[in-house]
There are 2 protein chains.
Amino acid sequence: MATIKDVAKEAGLSVSTVSRYLNDHPYISEDKKSRIKEAMRVLDYTPSSIATQLRSRKSKTIGVIVSRITNPFFSYLVDAIEKKAVQSGYRVLIMQTYDELEAEKNCLEMLKQQVVSGLIMCSVESDIEAIKDYQKFGPIVLCNEKVSDMTIPQVVTDQEQATFEGIEYLIEKGYKKIAYCTGGNFEVDGHGSTRTKGFERAITLNKQTFNKKWIFQRVHTISDGRKIVNQLSQLPTNQKPDAIFANSDEVASGIISEMLDLGYQIPLDLAVIGFDNQPFTSMLSIPLTTIEQPVEALGIESTNLLLSLIDGKKYQINDNKLKLKLIERESV
Amino acid sequence: MATIKDVAKEAGLSVSTVSRYLNDHPYISEDKKSRIKEAMRVLDYTPSSIATQLRSRKSKTIGVIVSRITNPFFSYLVDAIEKKAVQSGYRVLIMQTYDELEAEKNCLEMLKQQVVSGLIMCSVESDIEAIKDYQKFGPIVLCNEKVSDMTIPQVVTDQEQATFEGIEYLIEKGYKKIAYCTGGNFEVDGHGSTRTKGFERAITLNKQTFNKKWIFQRVHTISDGRKIVNQLSQLPTNQKPDAIFANSDEVASGIISEMLDLGYQIPLDLAVIGFDNQPFTSMLSIPLTTIEQPVEALGIESTNLLLSLIDGKKYQINDNKLKLKLIERESV
DNA sequence: GTGAAAGCGCTAACAA
DNA sequence: TTGTTAGCGCTTTCAC
């Protein structure tokens, strides 16, 4: 591989002139410019990104932390982030945690090791203080994860309110025994707790029955959804919920699918409301009623915010498109 | 940020000794080891990955090229690749091309710039010679993309045969006018051409009608599937196909969904066979008959192969799990 | 066992 | 406008 030194020699110039050319510095004569260009062509030269990074102390790579890329919500998020980042000359390192704290710590280390110059966390397992510890190594933006500490930049929607409205929608439709699923832990702050607050507010405000057996924690996949139905079917008939709020369309479709397999009817035996509005949900055998997340806007705003932070600039998040929306279909 | 120099000073040793410790060299006294460990702890030291890379000339990052991460086939592939890579101490840079040659070229440049030490191409737009040009900068593995040139390492399934069997399955079921979708160009070699060969072989062998109007090229998404139905409905009744082979489950579900919206029945008015067996396909209103791809095995084998190549070792691909499989459901 | 020193490929003062 | 030079943080001879 040719180096900047080879190019300088070939062009009969110094490395600094070549470096200036590479970095679009002013004050280079047209004559030298063309000699450098020619030398680069002859030697098939490309600057070593690694060397540039070491010297200039910036990596032009951002890291994106997701729990599972196979969750369509995350793949659409990564899609939006990647497009925006590439537009701005950045690359995207993708890191999956599978909800494991240890894995997330390793991702945060990437910031310390200067592998990435910034981080977008689309899922978070660590507590706030742990994340704050890493902020000194580079900007960290939380995407779709709300924390009360406003010193951590975050791009969020009002999931508390949307969940509240989703639960009220069930209540208005006449359902009285509402089950609830979360990806995190019900009592503990952290993953999913914003939505849980909305759920509790709606239940309390409307004086609905609350039953601990109707709460499902740490559920994520289609298969988790199926398991919920199996647990539900153990319950005595008078203790069965008549509706369930699922924390993702994957969980919701697992629930519906298992219910149908067991010969039940949806929404007659159980109304199901999902979260995300993933592309396939309108085509399911029971088209899914769900809460749409503005996934593209979330990705774009997070990336804009992070890149501004990397450049030490201010960025005003555009809230207009960060709205959740209830999509009424046939599962409720 | 503390550097190796700071650690050396803190421990009262030379940088070379610290470097040796970092690289698990033999011949360091236990005494010094603990002094170094302590100094690292005190200074909260982490080696700069960039500097290590520059000096040791290896990047510990692999690049993965996909056309669109939102296609579940690719997100599951990336999932498998990422897990395997992380296990081996590598990171994954994700790059989307959206089937654009220009974007793919930029990805290949990452290899030349030494940003990545190897590349897995899960989609390819460039011609073989262009890819071969980049092999001198690092190993490139094709994943699920077959080319005749065996000097390019590739991990593939027998898509020609699976497509052949898929078409024969339609014929056995009594369908006589079979339409065909491909992500690439029908006549041209390249993306999708292996499957096309299987299609042509089955049609010819069984003396089936072939109609150019039943061929759909460069289709990828659900919305592309819907458009196909719109084109189909322009055809005079006696020229309409009675079955269609879709190149992905996304295209297949778009076709089915649009047909149903238009009041047609599946498979009565049109039998549809998909490709991939994505998780949601069994839960669609018309459960999809499709060809399952061994996506996890493809990801794992590609990664094993690439990492071996990076280390200059041989790797024998394990073909056992690289089998395609027809999943019979209700859309045929 | 340990240290001194050269240098990976590049950028950016500082001089000229 | 251009060149000289000192590093960025690390690894790796080579000497002791």
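Letters A, B, ... mirror the listed sequences (proteins, then strands); counts begin at 1.
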Proximity to DNA chain C (any heavy atom under 4.0 Å), residues of residues 42-61 of chain B only: B:Leu54, B:Arg55, B:Arg57
Between A:Ile317 and A:Leu322, is a side-chain contact (heavy atoms from CB on, under 4.5 Å) present by the stated rule, with each step listed? CA-CA 10 Å; A:Ile317 295 166; A:Leu322 295 174; 3.8 Å; yes
Heavy-atom check, side chain of B:Phe137 versus side chain of A:Met1, under 4.5 Å: yes
Let me know the distance between CD of B:Glu30 and P of C:dT2, rounded to the nearest Å. 10 Å
Rounded distance (Å) that lies between atom C1' of C:dG9 and atom OH of A:Tyr21: 19 Å
Figure out the CD/C1' separation between B:Gln113 and C:dC8, and round it to whole Å. 17 Å
Atom pair CE/OG of A:Met110 and A:Ser59 - distance to nearest 0.5 Å: 11.5 Å
Can you tell me if B:Gln113 has over 12 outside heavy atoms packed within less than 6.0 Å of its CD? yes
Min and max contacting nt of DNA chain D in 5' to 3' order, chain A heavy atoms within under 4.0 angstrom, are D:dT1 to D:dG9
Rounded distance in Å - NZ (A:Lys9) to C1' (C:dG9): 14 Å
Measure NZ/B:Lys5 against C1'/C:dA6 and give the value in whole Å, please. 14 Å
Reckon A:Thr3 has a side-chain N or O less than 4.0 Å from the OP1 or OP2 of C:dG9? no
Quick one: which of A:Leu77, A:Ile120, A:Thr303 gives a side-chain contact (heavy atoms from CB on, under 4.5 Å) with A:Leu298? A:Leu77
Rounding to an integer number of Å, can you tell me how far A:Asp6 CG sits from C:dC8 P? 11 Å
Assuming nearest nucleotide by heavy-atom distance, tell me which of B:Gly12 and A:Ser19 is located more 5' along DNA chain C. B:Gly12
Inspect the contact between B:Glu102 and B:Lys105 and indicate whether a charged nitrogen and a carboxylate oxygen are less than 4.0 angstrom apart. no
NZ/A:Lys136: more than 12 non-hydrogen atoms of other groups inside 6.0 Å: yes
Quick one: do B:Lys33 and B:Glu30 make a salt bridge, cutoff under 4.0 Å? yes
Between C1' of C:dA12 and CD1 of A:Ile4, the distance in whole Å: 12 Å
In terms of the nearest nucleotide of DNA chain D, which residue is placed more toward the 5' end: A:Val15 or A:Asp31? A:Asp31
With distance as the sole test, does A:Glu301 use its side chain to make a donor-acceptor pair with the main-chain N or O of A:Val155 at under 3.5 Å? no
